[in-house]
Amino acid sequence: MPWTYRHSSKEWRAILDDLKDRMDLVSDNSAYTALDAVLQVFRRRLTAQEGIDFASVLPSVPRAIFVAGWKVDNPPLPFADREALTLEAKQVRPHHNLTPSNAIEATAWTLRRYVNAADLERVLARLPQEAREFWHAHVSSPDELKQRIF
């Protein structure tokens with residue numbers, strides 16, 4: 001059984017804590033909303049197959065969040081610059097959204113700590129360059145992105 005299924009609660013707790021720290025948020029609800037918004041913004045730019053391929057390398061709870069409510073019949077939108085994509089994320093549930101300006105980078109940084117890097121890079125290599133840029137995380141040391149939970 002994959003670790004992400006056997007220990008999904010422990011993994012999800014760690015992801016939420018990293019998201020809150022990286023985005024300087026205080027509540028689980030705010031961290032969840034920001035993660036959900038970022039994932040929605042990204043998936044709007046993918047075909048259904050690309051989305052399923054991407055979701056398959058995510059931890060179990062973010063994977064479920066990524067596919068929840070997805071209308072796969074909608075054609076993919078074009079990528080935009082980081083600022084425009086961040087503004088789009090801030091518009092998801094606008095009355096309950098405290099998503100900060102670093103939400104995409106913080107989500108990329110956090111999720112990269114919980115995925116198999118080789119699997120993620122394999123999937124991203126098959127996507128447009130803008131998709132790879134979307135999941136770029138700024139780090140001072142590659143050790144920051146070492147997988148936290150196996």
Side-chain angles (χ1 to χ4, degrees), residues 2-46 50-71 74 76-121 123-124 127-150:
W3 197 98
T4 191
Y5 297 144
R6 184 178 299 274
H7 302 284
S8 60
S9 294
K10 179 179 180 180
E11 182 179 57
W12 178 234
R13 172 80 268 145
I15 289 169
L16 281 174
D17 289 343
D18 275 356
L19 285 168
K20 288 190 306 188
D21 287 347
R22 193 75 175 182
M23 290 191 234
D24 198 28
L25 297 170
V26 295
S27 78
D28 290 350
N29 290 344
S30 296
Y32 163 80
T33 296
L35 171 71
D36 182 35
V38 168
L39 292 175
Q40 284 187 46
V41 166
F42 183 67
R43 81 176 185 210
R44 288 179 188 139
R45 280 131 184 101
L46 304 178
E50 290 169 338
I52 295 300
D53 292 345
F54 176 76
S56 73
V57 302
L58 294 177
S60 61
V61 174
R63 182 183 313 162
I65 294 167
F66 183 83
V67 300
W70 188 7
K71 306 292 184 224
N74 294 340
L77 298 174
F79 279 91
D81 63 35
R82 178 70 56 105
E83 184 178 339
L85 296 170
T86 300
L87 287 174
E88 184 180 330
K90 290 180 175 190
Q91 293 170 2
V92 174
R93 286 188 303 282
H95 303 296
H96 304 283
N97 193 330
L98 300 173
T99 298
S101 296
N102 73 334
I104 294 173
E105 189 278 333
T107 301
W109 182 88
T110 298
L111 289 180
R112 283 181 171 276
R113 293 166 52 108
Y114 296 91
V115 300
N116 178 295
D119 290 344
L120 177 62
E121 293 306 323
V123 168
L124 291 177
L127 298 177
Q129 177 63 32
E130 297 94 345
R132 293 189 291 281
E133 291 168 6
F134 188 96
W135 292 107
H136 176 74
H138 302 287
V139 295
S140 54
S141 166
D143 288 344
E144 286 182 55
L145 300 181
K146 279 189 177 176
Q147 193 172 6
R148 281 193 65 195
I149 299 177
F150 298 88

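Taking CD1 of I65 as the start and CH2 of W12 as the end, the distance is 3.5 Å to the nearest 0.5 Å. Rounding to the nearest 0.5 angstrom, the gap separating the CG atom in L98 from the CG atom in D24 is 11.5 Å. A distance of 8.5 Å separates CG in L120 from CG in N116, rounded to the nearest 0.5 Å. One finds the CD atom of E130 at 10.0 Å from the CG atom of L85 (value rounded to the nearest 0.5 Å). Interatomic distance, CG of L35 versus CG of D18, reported as 12.0 Å (0.5 Å rounding).
The shortest heavy-atom contact between R44 and V92 is NH2-CG2, 4.1 Å. Shown here for A31 and K20, the closest heavy-atom pair between the two residues is CB-CG, 3.6 Å. Shown here for T86 and P100, the closest heavy-atom pair between the two residues is CG2-O, 4.0 Å.
Annotation: D119, atom CG; neighbour count of heavy atoms from other residues, nucleotides and ligands within 6.0 Å is above 12.
With sequence neighbours excluded, the residues forming a side chain to side chain donor-acceptor pair (under 3.5 Å) with R93 are D36, listed by chain and number. Partners of F134 according to the ring pair (Phe, Tyr, Trp, His ring centres under 6.0 Å) rule, which considers only residues two or more places apart in sequence or in another chain, are F42. Residues passing the ring pair (Phe, Tyr, Trp, His ring centres under 6.0 Å) test with F66 are F54, W70, sequence neighbours excluded. With sequence neighbours left out, E121 forms a side-chain contact (heavy atoms from CB on, under 4.5 Å) with R112, L124. Checked against side-chain contact (heavy atoms from CB on, under 4.5 Å), S27 has the following partners two or more places apart in sequence or in another chain: N29, S30. A search for side chain to side chain donor-acceptor pair (under 3.5 Å) contacts involving E83 returns nothing, not counting sequence neighbours. Considering only residues two or more places apart in sequence or on other chains, A117 meets the side-chain contact (heavy atoms from CB on, under 4.5 Å) condition with none of them. Listed by chain and residue number, T4 satisfy the side chain to side chain donor-acceptor pair (under 3.5 Å) test with S60 (two or more places apart in sequence, or in another chain). For E50, the salt bridge (charged side-chain N to carboxylate O under 4.0 Å, His left out) test picks out no residue, with sequence neighbours left out. With sequence neighbours excluded, the residues satisfying side-chain contact (heavy atoms from CB on, under 4.5 Å) with A106 are R22, M23, N102. The side chain to side chain donor-acceptor pair (under 3.5 Å) search around D17 returns R13, not counting sequence neighbours.
Side-chain contact check for V38 versus W135: some heavy-atom pair is nearer than 4.5 Å. Contact annotation: the side chain of V61 never approaches that of I15 to less than 4.5 Å [non-hydrogen atoms, C-beta and beyond]. Residues R82 and E133 fail the side-chain proximity criterion, which asks for heavy atoms closer than 4.5 Å. Looking only at side-chain heavy atoms (C-beta outward), L58 and L111 come within less than 4.5 Å of each other.
Among pairs with a residue in residues 52-70, those fulfilling salt bridge (charged side-chain N to carboxylate O under 4.0 Å, His left out) read D53-R126, at least two apart in sequence or across chains.
Between the R45 side chain and the P78 main chain, a donor and an acceptor come within less than 3.5 Å of each other.
For the pairing with L19, the side chain to side chain contact (heavy atoms under 4.5 Å, CB included) check across L25, D28, T110 returns one residue only, T110.
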